[in-house]
Engineer: 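Got a structure for you, questions after.
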Number of protein chains: 2
Amino acid sequence: MANSAYRNRPTLRDIAQIAGVTAATVSYVLNGKGSVSADVQKRVRQTAKDLGYRANYVAKATRTGQTLSIGLILPDLKNPFFPQLAQSVQSAARGAGYAVFLMDSQGDTEVEREGAEDFISRGVEGIVWCPATEHDSLSDYRADVPIVVVDRPLPHYDTISSDYYSGGGLLADHVLAQGHRHIGMIVGPQSLSSAQRRRDGFVERIAGKAEIDWEVENAFTIDLSDEIRRQLNNFDVSVIVCGNDFIAIGVIRALHELGRRVPKDVSVVGFDDIPWASFSIPALTTVRQPFSKLGQEAAALLVRRISGESGPLVNMSLEMRLVSRGSLNRL
Amino acid sequence: MANSAYRNRPTLRDIAQIAGVTAATVSYVLNGKGSVSADVQKRVRQTAKDLGYRANYVAKATRTGQTLSIGLILPDLKNPFFPQLAQSVQSAARGAGYAVFLMDSQGDTEVEREGAEDFISRGVEGIVWCPATEHDSLSDYRADVPIVVVDRPLPHYDTISSDYYSGGGLLADHVLAQGHRHIGMIVGPQSLSSAQRRRDGFVERIAGKAEIDWEVENAFTIDLSDEIRRQLNNFDVSVIVCGNDFIAIGVIRALHELGRRVPKDVSVVGFDDIPWASFSIPALTTVRQPFSKLGQEAAALLVRRISGESGPLVNMSLEMRLVSRGSLNRL
DNA sequence: ATGATTGACTTAAACGTTTAAGCCTTTTAG
DNA sequence: CTAAAAGGCTTAAACGTTTAAGTCAATCAT
C-alpha cells in the first residue's frame with residue numbers, strides 16, 4: 001500500500017479530538033454552516049491552523065458529488081492560438097473556484113477521446129473542448145457532463161467562436177479603404193469552416209469593388225506550396241490576403257527572398273493576430289481574435305451549465321477587431 | 001444538493017446486483033486481482049460494458065490514497081517557453097498514468113502559492129513547478145508532496161534546467177569560429193541566474209580571444225532601452241550577442257529601422273530558440289533549449305519521487321545545442 | 001478416509017468528508 | 001408557569017471504492 005503524502009495529513013477527526021468536539025462540528029465550523037458557539041468556533045479554527053489542516057477535496061467530493069474541477073482539451077499548445085486560450089480558461093475557472101485538468105491531444109482524435117473519458121472518470125464537472133478536427137470525436141460517447149466547444153461549429157454542442165465572417169468583412173473594408181483594387185488570396189484549407197468563413201466574409205464584401213486576381217489554398221502553416229511561390233512573382237496584385245498569420249509570415253519571408261519589399265512593392269495582411277504578428281518585419285496588419293475572451297466566455301458558460309442553467313444551445317460569436325500595422329500600404 | 005452528473009452513474013454495486021455477485025467481486029474482476037471464475041468474469045465485464053460503467057477515480061482515491069494526478073505551475077503561458085514545457089509534462093505524465101492540473105500564475109507569487117495549496121487539497125501526488133521569480137514562494141509552506149522545480153536553481157528542491165553555462169560557451173565558440181573579434185552584448189537581468197549563467201559561460205570562453213566592446217543589460221523582452229538603441233549605432237562590433245531570442249528579435253527590428261542590414265552589416269545571435277526564432281528575417285542563430293526534454297525529465301523525476309525513490313536531491317542540467325541560421329555572418 | 005490446500009466468492013471495515021436527524025439545555029412566548 | 005422554539009452539539013449514515021479476512025465447497029495428497 002503505497003499510501004504516501006496524501007495519508008496522515010490531519011483530518012477533521014484529528015481537529016475534533018484535540019478541540020474536544022465531534023468531526024461534524026468541525027465540519028460545520030469550517031464550512032460556516034450549522035450553529036456553533038463562538039468559543040468552540042474559535043477553538044476549532046485555532047487547532048485547525050495549528051495542525052496545518054487542509055481540506056481534502058477528494059473526500060469532500062465523494063460526499064457532495066462536486067469535484068470543482070473541469071477539463072480542458074486542446075489540439076496543440078505549440079500553436080500560439082492555444083496558450084492564451086488555456087490561460088484565460090484556467091484563470092476564469094479559478095475565479096469560479098474550479099481547477100482545470102489540461103490535455104494536449106497533439107491533434108490525435110483518439111487521444112482526445114480517451115482524454116475525455118479519463119477526465120470523466122476523474123469526476124470533472126464539465127469540459128472545455130477545442131476539437132483537433134471538425135469531426136466530433138465524442139459523438140458516440142455519452143459524456144454525462146456539459147461540454148463547451150471552442151472555435152468549431154459542431155452541432156449539438158454549446159459553441160464559442162470568433163466571428164470569422166465579420167472579421168473577413170472588416171479586413172475587406174480596410175483593404176478597400178486603403179485603395180487596393182487588385183488582390184491575391186491565399187486561403188486556409190476550405191474543409192475547415194473557420195478558413196471558409198473568413199474567406200467568404202472577405203470575398204463577399206469585396207464583390208464588385210475590387211478584383212481578386214488569383215486565389216489559392218494553403219495549409220495554415222508558414223510553409224508555402226510551390227504554386228504559391230510562383231504566384232508571388234505575379235506583379236498585378238497590390239495586396240496579398242492570407243488565411244492566417246502563419247501564411248502571411250511565410251509570404252513576407254518568401255517575398256523577401258524574391259527581393260520584393262513589403263509593403264512598398266506589395267502589401268500583405270494576415271488573420272488572427274497571433275503574438276508573432278507584431279514582431280515580424282514589417283509588423284502584420286491583421287484581424288484579431290479575442291483569444292482571452294474566448295477562454296473566459298467558454299469557462300463562464302461551462303460554469304453556468306454546471307450550475308444547471310438549461311436554456312437552448314448557445315452558439316456565441318465573438319467580435320473581431322482590425323489591427324492596422326505596417327504590412328499594408330495606402331495606395 | 002446540486003448533485004449533478006457525477007451522481008447516478010452506474011457503480012460497482014449496480015454491476016454487482018445485475019451480475020448477481022458482490023461489489024467486491026466486481027472490483028476484483030475490473031482490477032484483475034483476486035481469483036474469480038471465468039464465467040463470472042465474463043458476466044461482470046459484459047454488464048459493466050452494457051451499463052457504460054466508468055471507474056470513479058475520486059472514490060478510488062479515498063480508499064487508495066492515490067489520485068494519479070499532479071500539478072503544473074507556470075508563470076505565463078504566453079511566454080513561448082512554457083507551452084512546450086506544459087505539453088511535454090502533460091504527455092509524459094499521461095504516459096505514466098497521471099493527469100495534470102494546470103495553473104498559470106501570471107507571474108504572481110501569491111497566486112502561485114495559493115495554487116499549490118489548492119493542488120494539495122485536491123490530492124495531487126506531486127508538483128512540477130516553474131517559479132515566477134527566483135524567490136522560493138513555497139519555502140514556508142509544508143507541501144507534503146514531492147516538488148520538481150524547472151529552470152530555477154532553488155536550493156532544497158529537485159531541479160531540472162538547461163545547461164546555460166555550457167550553452168553560452170557553445171555560442172562563444174561559434175562566434176569565434178566565424179571570425180568575429182569585436183562583440184557587443186545585451187545580457188538579460190543579471191539578478192536571474194539563468195541570465196547570469198549564459199552570460200558567464202559566454203564571456204569566460206571569449207576571454208582573451210576576442211574583445212567585448214560593450215555590454216548592457218535589458219529585460220528579457222523585445223523592447224529595448226534607449227541606451228541600447230544608441231549603442232546599436234556603434235559600428236565597431238561585428239556581432240551583437242543577445243541574452244535571449246526576444247532581445248535578439250528586438251535588436252534585428254531596431255537595426256532594420258536604423259537601416260543596418262543583418263547579417264550583412266552586423267550579425268545578431270540569440271538564446272533559447274523559441275519557435276519564433278526560425279521565422280524572423282533573417283532566421284536567428286541561437287542556442288536551443290531542450291524544452292520538451294525539460295518537461296519529460298521533470299515529469300519522469302516527479303513520478304519516481306512519487307513512487308518513493310528517495311536518493312539525494314537531483315540537480316539535472318540538460319545539454320543545449322547550437323542552432324546555426326542566417327543571422328550570423330562568417331567574416 | 002482424512003486433513004490440508006486451493007478456488008471462488010462474500011463480509012465488513014475503511015478512506016475523510018457532509019448532513020439530516022436527534023437530543024439535551026436554555027431561552028422565549030403566552 | 002408551562003409549552004414551544006431556539007441554540008449547540010452529537011450520532012450515524014452515506015458517497016463509491018478497495019482489500020484483508022472469512023466462509024464454504026471442491027480438489028488434492030497421503
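The figures here come from the full heavy-atom set of this structure, side chains too, leaving out hydrogens, waters and symmetry mates. Chain identifiers are assigned alphabetically (A, B, ...) following the order of the sequence lines, protein sequences preceding nucleic acid strands; residue numbering begins at 1 within each chain.
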Engineer: Ignoring hydrogens, what is the shortest heavy-atom contact between Ala86(B) and Leu102(A)? Give both atom names and the distance.
Structural biologist: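 Reported closest heavy-atom pair: CB-CD2, 4.3 Å.
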Engineer: When you check the phosphate oxygens OP1 and OP2 of dG16(C), does a side-chain N or O of Thr62(B) lie under 4.0 Å from one of them?
Structural biologist: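 No, outside the criterion.
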Engineer: List the residues meeting salt bridge (Lys or Arg N to Asp or Glu O under 4.0 Å) with Arg113(A), not counting sequence neighbours, and say none if there are none.
Structural biologist: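 Residues passing salt bridge (Lys or Arg N to Asp or Glu O under 4.0 Å) with Arg113(A): Glu117(A), Asp140(A).
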Engineer: What residues from residues 29-45 of chain A pass a heavy-atom cutoff of under 4.0 Å to DNA chain C?
Structural biologist: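 Residues of residues 29-45 of chain A under 4.0 Å from DNA chain C: Asn31(A), Lys33(A).
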Engineer: Could you pull out all residues at least two apart from Gln46(A) that satisfy side-chain hydrogen bond (donor to acceptor under 3.5 Å, both in side chains)?
Structural biologist: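 Result, side-chain hydrogen bond (donor to acceptor under 3.5 Å, both in side chains) vs Gln46(A): Asp50(A).
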Engineer: Can you list everything that forms a ring-ring contact (aromatic ring centres under 6.0 Å, His included) with Phe291(B)? Sequence neighbours excluded, please.
Structural biologist: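 Checked Phe291(B) against ring-ring contact (aromatic ring centres under 6.0 Å, His included); matches are Phe81(B).
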Engineer: For DNA chain C, what residues of residues 12-26 of chain A have any heavy atom nearer than 4.0 Å?
Structural biologist: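 Only Leu12(A), Arg13(A), Ala24(A) qualify.
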Engineer: Between P on dG16(C) and CZ on Arg63(A), what's the gap in Å once rounded to a whole number?
Structural biologist: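 Atom-to-atom, Arg63(A) to dG16(C), this comes out as 17 Å.
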Engineer: Who passes ring-ring contact (aromatic ring centres under 6.0 Å, His included) against Phe119(A), sequence neighbours left out?
Structural biologist: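 Per chain and number, Phe119(A) pairs via ring-ring contact (aromatic ring centres under 6.0 Å, His included) with Phe101(A).
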Engineer: Rounded to whole Å, please give me the gap between CZ in Arg9(A) and C1' in dT17(C).
Structural biologist: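 So the CZ-C1' distance, Arg9(A) to dT17(C), works out to 14 Å.
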Engineer: Can you check whether Tyr53(B) has a side-chain N or O nearer than 4.0 Å to OP1 or OP2 of dG16(D)?
Structural biologist: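 Checking dG16(D) against Tyr53(B), no side-chain N or O comes under 4.0 Å of OP1 or OP2.
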Engineer: Strictly distance-based, threshold 3.5 Å: is any side-chain N or O of Ser121(B) a donor or acceptor partner for the main-chain N or O of Ala55(A)?
Structural biologist: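 Yes, because the side chain of Ser121(B) sits within donor-acceptor range (under 3.5 Å) of the backbone of Ala55(A).
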Engineer: Taking Thr64(A) for its side chain and Lys60(A) for its backbone only, find out whether a donor-acceptor pair lies under 3.5 Å.
Structural biologist: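 Yes, because the side chain of Thr64(A) sits within donor-acceptor range (under 3.5 Å) of the backbone of Lys60(A).
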Engineer: Any side-chain heavy atom of Pro131(B) within less than 4.5 Å of one from Arg152(B)?
Structural biologist: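 Yes, close enough: below the 4.5 Å cut-off.
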Engineer: dG16(C), dT18(D), dG16(D): which one has an atom nearest the side-chain heavy atoms of Ala59(B)?
Structural biologist: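 Nearest to the side chain of Ala59(B) among the choices is dG16(D).
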Engineer: Within the structure shown, what part of the strands sits under 4.0 Å from Tyr28(A) by heavy-atom distance: base, sugar-phosphate, or nothing?
Structural biologist: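 If one applies the 4.0 Å heavy-atom cut-off, Tyr28(A) turns out to touch a base.
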